[in-house]
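Written below as structure tokens is the structure these notes are about.
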Protein chains: 2
Amino acid sequence: MKKGRVTIKDIARELNIAPSTVSRALNDHPAIKKETKEAVKALAEKLDYQPNLLALNLLQKKSNTIGVIVPEITGHFFSAIITGVQDVIVHSEYNIMICLSNESYEEELTIVKRLSKIQIDGVLVSPSSETKNFDHFKKLQKSGIPIVVFDRDCPGLEADKVLVDDYFGAFQAVEYLIGIGCNRIAHLGGPLNLSTTEHRLQGYLDALHKNKVAVNDQYVVHVSGFSHEEVELATKELLNNNELPDAIFAYSDNLAISAMHTAKELGLQIPGQISIVGFDDEPHSAFITPALSTVWQPVYSMGMLSARILLSHLKNPNTPPEYRKEVFKPELVIRASSKENKLVSED
Amino acid sequence: MKKGRVTIKDIARELNIAPSTVSRALNDHPAIKKETKEAVKALAEKLDYQPNLLALNLLQKKSNTIGVIVPEITGHFFSAIITGVQDVIVHSEYNIMICLSNESYEEELTIVKRLSKIQIDGVLVSPSSETKNFDHFKKLQKSGIPIVVFDRDCPGLEADKVLVDDYFGAFQAVEYLIGIGCNRIAHLGGPLNLSTTEHRLQGYLDALHKNKVAVNDQYVVHVSGFSHEEVELATKELLNNNELPDAIFAYSDNLAISAMHTAKELGLQIPGQISIVGFDDEPHSAFITPALSTVWQPVYSMGMLSARILLSHLKNPNTPPEYRKEVFKPELVIRASSKENKLVSED
DNA sequence: TTGTAGGCGTTATCAG
DNA sequence: CTGATAACGCCTACAA
């Protein structure tokens with residue numbers, strides 16, 4: 001008649017042996033008699049003994065938990081990455097704690113503090129769009145916690161990184177637009193301090209330069225966040241140019257869809273008068289009308305790889321001299337929102 | 001020159017006082033001299049003392065963590081619920097552990113075992129579509145862990161529940177379809193052992209009965225899972241009827257969109273020849289063409305309420321005599337995929 | 001092969 | 001007001 005769960009002491013008492021013997025038996029310690037082991041294990045089974053991980057955590061000074069910090073999960077992008085992460089981690093002894101920063105630097109700070117308090121063992125992170133300073137991550141690293149950065153880079157932070165070649169994706173997309181005859185290509189860019197924003201912008205600019213298409217400052221607009229209002233505002237700014245762009249390369253599918261919406265409201269034909277290309281290849285992008293051309297990224301694989309890298313560090317706690325940097329190649333997916341149509345609109 | 005993090009003992013030694021005094025000072029115990037408190041707090045600050053929650057966990061026999069079990073997060077539905085949960089929990093002292101069952105009963109079992117092992121304090125759960133038996137949840141409850149079920153009910157399990165009136169939503173949707181002149185209304189149903197499937201089906205049937213529209217068995221098809229193949233198969237079965245339905249009420253937006261796709265491939269006009277109504281109001285449903293009529297649910301609020309209910313139990317660990325059952329009202333959203341168009345098609 | 005003792009970091013209890 | 005002590009459940013030297 002004990003209260004609470006059964007412990008190794010209970011087993012020990014019942015069997016008239018020492019708790020340490022029970023512990024060893026349960027852990028298959030070589031120096032324990034076979035019969036003892038069997039007796040212990042049998043009783044443990046019978047009593048439905050569950051090792052108290054909380055006690056182990058204290059002993060080992062680790063939580064057996066890894067944290068995943070993402071800006072949001074309502075879109076498909078981070079959800080899919082997380083699913084990849086989870087499908088790897090689930091086969092390890094670690095638990096996952098998913099934390100949402102809601103694109104807020106403040107909340108990200110709070111999260112990091114919390115994770116640090118619970119002695120997290122490792123962290124996967126994609127910083128918020130507000131985050132410019134990575135000291136909070138560095139602090140984690142200093143206390144020995146390995147960090148893997150994914151998708152959104154943290155420039156200046158030395159860590160493992162699993163990224164996408166955003167520059168390449170953007171370059172391809174824009175060169176494609178040029179190829180189909182667009183020459184007033186606008187860019188609806190992301191929040192300014194994201195690495196992804198910067199790389200996609202750079203890819204856009206370089207594609208224009210390389211193909212000797214004039215760059216027009218008025219054709220580049222950046223959102224400051226992903227709220228509906230901000231996106232709409234930016235889109236309108238772009239489309240209210242006195243000389244209308246004949247194509248928009250957007251930072252993301254969501255921005256692209258917003259742009260498409262606004263363009264339709266203005267009575268523009270897509271792709272007749274204006275072509276639109278997004279980035280991310282969200283699943284619904286294929287279902288909107290016209291179906292959105294976009295840049296696909298291997299999200300699930302990114303999640304899996306990030307998790308694997310973190311696990312490998314956790315298994316080899318010897319300070320690794322060098323960090324891995326894996327860059328996935330994205331792929332242009334051409335659909336109905338962009339079409340060769342400039343024969344007419346050449347004035 | 002200590003190794004590892006600073007503990008209460010370090011502070012005690014430095015100040016020549018007892019560890020227990022430090023503990024009390026840090027916790028603002030009333031019976032501690034003001035100056036002592038200040039000295040302790042100052043030093044703690046200076047040394048960047050972080051309380052070791054792992055030790056606390058062991059002492060209190062609780063993990064200060066709540067688990068959230070969902071079938072998946074790549075869709076908007078559960079992501080939004082989780083976001084609601086998180087936005088509530090983040091203001092408490094609890095951590096969240098999000099677990100994905102991938103719509104698999106096996107994985108759900110594994111998750112529950114894990115959560116039980118780490119001495120989870122409470123659980124929010126929406127069961128997988130394969131789950132027919134809720135003993136694993138009952139076992140959790142028996143060990144004193146409060147459970148709140150959300151969205152998908154677990155019939156027979158006594159627990160707090162935060163649900164949606166699926167019956168009402170379905171009834172409304174189908175009655176609306178009848179109102180615009182449809183009389184060969186098909187139902188593309190969800191997996192059979194989900195409560196939501198059952199209630200939506202019942203709402204569909206009752207709406208037909210009440211309005212004296214004949215029920216045709218061939219017009220009711222259920223998917224067995226949410227994989228693309230299965231959905232496509234079921235959709236085709238529905239549309240390959242010798243007498244084509246003039247409307248489809250689908251279990252979810254995703255099923256509806258798949259149906260729409262297939263219908264388009266068959267050259268059908270939507271809503272000209274066939275109206276389609278979904279369920280969930282996923283954000284992208286407004287952007288597809290034609291925009292999908294659907295049934296909206298207050299997802300974010302459901303997440304928040306579920307979390308609040310769980311927290312209230314955690315704060316009052318006295319066995320609560322009765323469970324709460326909260327049922328949200330969904331709302332029909334009419335868009336372009338359903339239209340009054342039967343004047344013509346009446347043969 | 002097994003038992004004893006100490007400790008992981010914290011708090012609660014009981015003295016003083 | 002503060003100090004010593006025990007305890008949470010487990011593991012790991014060290015001893016026997």
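So that the names make sense, note that chain A is the first sequence line, chain B the second, and so on, each numbered from 1.
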List for me each residue that meets side-chain hydrogen bond (donor to acceptor under 3.5 Å, both in side chains) alongside B:T74, sequence neighbours excluded, and say none if there are none.
B:E72
At less than 4.0 Å, is any side-chain N or O atom of A:T21 found next to OP1 or OP2 of C:dG3? Yes or no.
yes
For A:I8 and B:K37, find the nucleotide of DNA chain D closest to each by heavy atoms; which residue's nucleotide sits nearer the 5' end?
B:K37
Residue closer to the 5' end of DNA chain D, B:I17 versus A:K9 (nearest nucleotide):
B:I17
Near B:K117 NZ, under 6.0 Å, is it more than 12 heavy atoms from other residues, nucleotides or ligands?
no
Counting heavy atoms not belonging to A:E158, are there more than 12 under 6.0 Å from its CD?
no
What contact category does A:P19 fall into here, base, sugar-phosphate, or nothing, at under 4.0 angstrom with non-hydrogen atoms?
nothing
Would you list the pairs meeting salt bridge (charged side-chain N to carboxylate O under 4.0 Å, His left out) in which at least one residue belongs to residues 88-115 of chain B, sequence neighbours left out?
B:E103-B:R152
Taking the side chain as every heavy atom from C-beta outward, state whether B:L115 and B:V112 have any pair of such atoms under 4.5 Å apart.
no
Side-chain donor or acceptor of B:D160 paired with backbone N/O of B:S306 under 3.5 Å
no
I'd like to know if the side chain of B:T65 reaches the main chain of B:S63, judged simply by a donor and an acceptor atom lying under 3.5 Å from each other, with no hydrogens or angles considered.
yes
Covered region of DNA chain D, 5' end to 3' end, by chain A [heavy atoms, under 4.0 Å]:
D:dG9 to D:dA13
Under 3.5 Å between N/O atoms: give me all the protein pairs with nucleotides 13-16 of chain C, atom names plus distance.
residue: C:dT13; atom: O4; partner: B:R24; partner atom: NH1; Å: 3.1

Determine, stepwise, if the pair A:L311 / A:Y94 fulfils side-chain contact (heavy atoms from CB on, under 4.5 Å).
CA-CA 9 Å; A:L311 281 184; A:Y94 290 93; 3.7 Å; yes
B:K37 and B:D28 ion-paired at < 4.0 Å:
yes
Nearest to the side chain of A:T36 - C:dG9, C:dT1, C:dG3?
C:dT1
Mind running salt bridge (Lys or Arg N to Asp or Glu O under 4.0 Å) on B:K161 and B:D153 for me, showing each step along the way?
CA-CA 7 Å; B:K161 304 193 168 172; B:D153 195 7; 2.9 Å; yes
So A:V68 and A:M97, side-chain contact (heavy atoms from CB on, under 4.5 Å) or not? Walk me through it.
CA-CA 6 Å; A:V68 183; A:M97 193 158 279; over 6 Å; no
Quick check on the 6.0 Å ring-centre criterion: do A:Y323 and A:H313 meet it?
no
Side chains of B:S104 and B:S101, donor plus acceptor under 3.5 Å:
no
Using rotation axes that map the C1' atoms of four end pairs onto the next four (five pairs an end), what angle separates the end axes of the helix from C:dT1-D:dA16 to C:dG16-D:dC1, to 10°?
50°
Can you sort out which residues in residues 54-64 of chain A have a heavy atom within less than 4.0 Å of DNA chain D? Ascending by number, please.
A:A55, A:L56, A:L59
